[in-house]
Amino acid sequence: MDVLGGNHRHEAPWKRMSKEELDNQYSPSRWVIRLGAEEAMRTYSQIGSEVTKRARATGRSLLDVPYGEGEGEKLDIYLPEAVSEAMPFLVFFHGGYWQSGSKDTSAFMVSPLTAQGVAVVVVAYDIAPKGTLDQMVDQVTQSIVFVQKRYPGNQGIYLCGHSAGAQLAAMMLLANWIKHGVTPNLKGFFLLSGVYDLEPIMHTSENAPLLPTLEDAQRNSPLWQLETAPTQPADPACRILVTVGQHDSPEFRRQSREFHQTLCRGGWKASFAELHDVDHFEILWNLTQEDYVLTQIILKTIFQQS
């Protein structure tokens, strides 16, 4: 039975959950297995701070580059040793339930990727309550336009987002680039432990500053948008990897599987991976390691496409 066909939303398992169970399902730190919730968050933040400090210490970074006019519209560019006009770029959007997180602690993948000739861009956006989800999506769009205009000879732009950042990256599948006057050279998407249907979030304690109405949730849900008004791939060769941790919550795993299936039905070149023995945070912080399976998948995808 195709659970995504027809009225799957009326059958979605989250609709039968209490608010307490939804809070549990959509609280990633409660599902870590090696550390307590608080220690997991501390470790995640500490690793992010340390790797960002090291990446900035190489002297091959351009920090706080404005991509828009707003105070929060800044990005960091980390360059490989051999800089060329035709570098591939990985553009990263941090998570934090659209309410926390920072580019200043998010350079996890910089060292392994720049070592192989990939430039990495880490983007800031105005988190809630200052920013709305609509504004965040617009800022992410602007940041990609900026990278394309600044580096028009790039060998490909690859978007990577973690958790809430995966939702922001996935919304770029729906972007109207024509109105921005430039079509970015998008070659791939790496979506890590994302949320693609925001309606369940409305019924959790995470929602307070985010989603006043169902329309807000639907407008910013790439899963809902691609099901109701399918967008044809502009470049059928553009690859999308939807990945989730084995120790993510059942709801996070369900959302990732359903989003992957929706992409495949829409004609996108999508693949799915549930990464063995990692949780919601390890899936990202392990990108500090060159031999980590996801690091290798990202590099292989970029250089196969180049």
Side-chain angles (χ1 to χ4, degrees), residues 3-4 8-9 12-15 17 19 21-32 41 44 92-101 106 123 125 127-128 131-137 139-140 159-174 189-228 240-263 270 272-275 278-284:
V3 296
L4 287 177
H8 87 272
R9 288 179 185 283
W14 69 265
K15 287 182 178 285
M17 293 179 187
K19 184 180 184 302
E21 179 57 19
L22 277 170
D23 273 344
N24 192 46
Q25 288 286 332
Y26 285 94
S27 296
S29 61
R30 298 184 190 181
W31 295 84
V32 298
M41 297 303 293
Y44 175 64
F92 179 70
F93 309 107
H94 68 78
Y97 260 132
W98 309 277
Q99 298 164 71
S100 64
S106 294
V123 177
Y125 52 90
I127 56 178
T132 66
L133 271 163
D134 291 316
Q135 288 169 329
M136 295 177 215
V137 170
Q139 288 175 330
V140 164
L159 306 186
C160 180
H162 173 245
S163 198
Q167 175 266 343
L168 294 170
M171 287 296 289
M172 297 304 99
L173 297 167
L174 304 152
F189 289 70
F190 305 107
L191 306 176
L192 319 182
S193 291
V195 181
Y196 309 104
D197 176 7
L198 273 54
E199 189 180 344
I201 304 292
M202 292 184 68
H203 306 280
T204 72
S205 55
E206 297 291 348
N207 178 53
L210 285 172
L211 301 164
T213 69
L214 178 59
E215 289 72 25
D216 291 315
Q218 291 175 340
R219 188 170 60 252
N220 289 290
S221 294
L223 177 58
W224 192 89
Q225 292 288 340
L226 287 171
E227 284 180 342
T228 55
I240 305 168
L241 173 65
V242 181
T243 186
V244 69
Q246 179 187 354
H247 303 307
D248 263 304
S249 76
E251 271 294 284
F252 270 83
R253 298 201 309 276
R254 177 188 67 81
Q255 285 223 18
S256 291
R257 284 193 304 271
E258 291 193 3
F259 190 56
H260 168 248
Q261 291 164 5
T262 298
L263 288 167
F272 173 80
E274 183 174 297
L275 294 190
V278 295
D279 62 40
H280 187 83
F281 304 100
E282 292 166 333
I283 198 171
L284 178 63

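The structure displayed is predicted, hence computed values, not measured ones.
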**S27-N24 side chain donor-acceptor pair, cut-off 3.5 Å** =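 No.
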**Message:** Side chains of E258 and Y196 only: does a donor on one sit below 3.5 Å from an acceptor on the other?
**Reply:**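 There is no such pair (donor and acceptor under 3.5 Å, judged by atom type) between the side chains of E258 and Y196.
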Of all heavy-atom pairs between [X] and [Y], which one has the smallest distance, and what is that distance?
X	Y	value
H203	K19	O-CG, 3.5 Å
Q167	V195	CB-O, 3.2 Å
S106	H94	OG-CB, 3.4 Å
F93	A169	CD1-CB, 3.9 Å
S221	L198	OG-N, 2.8 Å
Q225	R219	NE2-CA, 3.1 Å

How many angstroms lie between atom [atom1] of [X] and atom [atom2] of [Y], to the nearest 0.5 angstrom?
X	Y	atom1	atom2	result
L263	L226	CG	CG	6.0 Å
I127	S100	CD1	OG	6.0 Å
L22	M17	CG	CE	6.0 Å
L168	L133	CG	CG	7.0 Å
F259	L223	CZ	CG	7.0 Å
T243	L275	OG1	CG	3.5 Å

**Asked** Would H162 and F92 count as a close aromatic pair, with their ring centres under 6.0 Å?
**Response**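 No; F92 has its ring centre 6.0 Å or more from that of H162.
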Between [X] and [Y], is any pair of side-chain heavy atoms under 4.5 Å apart?
X	Y	value
F281	M41	yes
V137	N220	yes
P13	E251	yes
K15	E199	yes
L173	I240	yes
F252	Q25	no
V242	R257	no

**Asked** Can you list the steps and then say if T213 with M202 is a side-chain contact (heavy atoms from CB on, under 4.5 Å)?
**Response** CA-CA 8 Å; T213 69; M202 292 184 68; 5.7 Å; no
**Request:** Carefully, step by step, assess F272 and V244 under the rule side-chain contact (heavy atoms from CB on, under 4.5 Å).
**Result:** CA-CA 8 Å; F272 173 80; V244 69; 3.9 Å; yes
**Request:** Please say which of R254, E21, Q255 ends up in a side chain to side chain contact (heavy atoms under 4.5 Å, CB included) with W14.
**Result:**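 For W14, the side chain to side chain contact (heavy atoms under 4.5 Å, CB included) check succeeds only for R254.
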**Asked** Knowing that exactly one of S193, S163, S256 qualifies, which makes a side chain to side chain donor-acceptor pair (under 3.5 Å) with D248?
**Response**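 It is S193, the one option of S193, S163, S256 that forms the side chain to side chain donor-acceptor pair (under 3.5 Å) with D248.
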With a 3.5 Å distance limit and no angle check, can you tell me whether [X] reaches the backbone of [Y] through a side-chain donor-acceptor pair?
X	Y	value
H280	R30	no
S249	Y26	no
D23	S205	yes

